[in-house]
Amino acid sequence: AVAFNVETFRQQFPFFQANPNWVYLDNAATSHKPQIMLDSLQHFYASANSNIHRGAHSLGDQATQLYEQARQHVADFIGAEQAEQIIFTSGTTAALNQLAFGLMGTVLQPGDRILLTTLEHHANIVPWQLHCQSKGVVLDVVPLTVDHQLDMAAFSRLLQHQPKVVSFCHVSNVLGQVLPVADMVQQAQAVGALTVIDGAQGILHDTIDVQQLNTDFYVFSGHKIYGPTGVGVLYGKTKALECLTPLLGGGEMIQHVSFDHTRYHQLPFRLEAGTSAIAEVIALGTTLHWLAKQDRTGMRQHKQQLLQHGWQQLEAMPQLELLSSATNNAGIITFNVRGEHPTDVATLLNEQKIAVRAGQHCAMPLFANIHHPGAVRLSLAAYTTQAEVDAAINAIRMAVELLCPS
Ligand code: PMP
């Protein structure tokens with residue numbers, strides 16, 4: 001096989017040609033888009049635009065076919081058994097809100113427990129909290145060890161409370177560590193819990209096979225995996241999806257409506273009320289179909305090498321405190337300059353056209369737990385070059401010299 005070539009891969013992303021002076025290391029926030037994705041959006045709106053599942057004319061039938069083909073592409077990409085197990089949402093946040101709302105009153109009864117982890121993004125905390133109090137459901141949280149890893153002994157211990165739902169990220173968006181999700185699913189199911197994996201970061205890291213993982217639910221956003229904004233995926237086993245009360249009611253999700261009683265449509269339509277982000281769904285399908293044919297192992301190895309390269313240089317700088325770890329890491333380096341606020345560091349980097357993220361990264365409980373006001377985050381992607389990492393390191397050196405003159 002031909003080795004992964006970052007330059008060839010990168011050429012497929014027009015953003016970099018349009019912005020040659022920028023170093024973009026904010027890939028965990030959102031990824032850039034390959035030409036094939038942009039072409040798909042353009043093609044749909046310019047040539048095939050029509051609403052779907054409405055039948056009266058053949059333009060609509062064609063659009064419906066493209067949309068349902070995208071569902072199949074997504075199912076193939078994550079190894080789902082059936083396309084009907086793929087529900088299109090507006091993103092990870094919407095999918096997790098559908099899960100929290102939809103499991104309350106069906107799977108979750110007053111007095112039941114949900115288990116989350118300290119690593120979670122607000123999107124995997126707040127939707128559960130929104131309903132827990134009024135429904136009398138209790139939230140438990142798996143703590144971290146002193147070296148910021150998930151405390152797996154505590155995880156096993158907390159499972160003894162027999163939570164009905166266990167929800168955790170695949171990869172932390174702050175510290176980048178890859179959780180042992182297959183093991184966690186197995187342990188959770190052994191006590192009878194339904195499992196939810198927040199794959200917003202994990203989906204890009206590795207090849208996902210939801211059947212092998214055996215998780216009940218897996219959710220992710222299109223925009224972090226080279227696809228468009230406004231579309232995301234809620235995968236579920238058929239039985240698990242059938243437990244969900246629809247969060248949104250409206251057109252297309254029903255079989256029969258009268259003012260006395262409404263009968264819902266079958267899956268997946270029952271959970272897709274209203275007009276979907278049709279063009280975006282189709283473009284996401286096209287993107288994942290394309291991505292599945294890329295050298296994903298090579299992409300991961302490239303990112304891993306860059307991470308090690310950047311890590312070694314940052315580790316040698318005594319003014320920095322690294323919060324993430326270099327092992328088992330999906331491409332995220334999180335640090336602080338000792339005694340300085342992360343946003344000041346990011347501002348100095350921005351002046352040198354290095355795009356990073358600073359702050360609490362939608363994970364306030366995690367930062368409270370590790371006693372930091374926030375952090376600077378560099379997040380790498382398969383199209384990141386070594387020259388970009390070096391430019392970022394130089395800029396960090398200059399920032400450190402400015403902020404802490406020796
Ligand atoms: N979970 C994790 C781990 C994330 O990184 C993100 C995005 N930062 C989300 C959930 C929310 O994703 P979205 O904003 O696309 O809904």
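One-based numbering, in listed order, for ligands and for the atoms of each.
- With sequence neighbours excluded, the residues that form a salt bridge (charged side-chain N to carboxylate O under 4.0 Å, His left out) with K237 are D216.
- Salt bridge annotation for E68-R71: present, with a cationic side-chain nitrogen under 4.0 angstrom from a carboxylate oxygen.
- Listed by first then second residue, pairs satisfying ring pair (Phe, Tyr, Trp, His ring centres under 6.0 Å) with a partner in residues 86-119 read Y67-F88, F101-H131, not counting sequence neighbours.
- A salt bridge between D26 and R377 is present, with a side-chain N of the basic residue lying under 4.0 Å from a carboxylate O of the acidic one.
- In this view, R270 and P246, Y264, L267 satisfy the side-chain contact (heavy atoms from CB on, under 4.5 Å) rule, not counting sequence neighbours.
- At a 4.0 Å heavy-atom cut-off, the residues surrounding ligand 1 are T92, T93, H121, A123, N173, D198, A200, Q201, S221, H223, K224, listed by chain and number.
- Using cut-offs of 30° and 60° on the angle between ring planes, the pair W290 and F13 is perpendicular.
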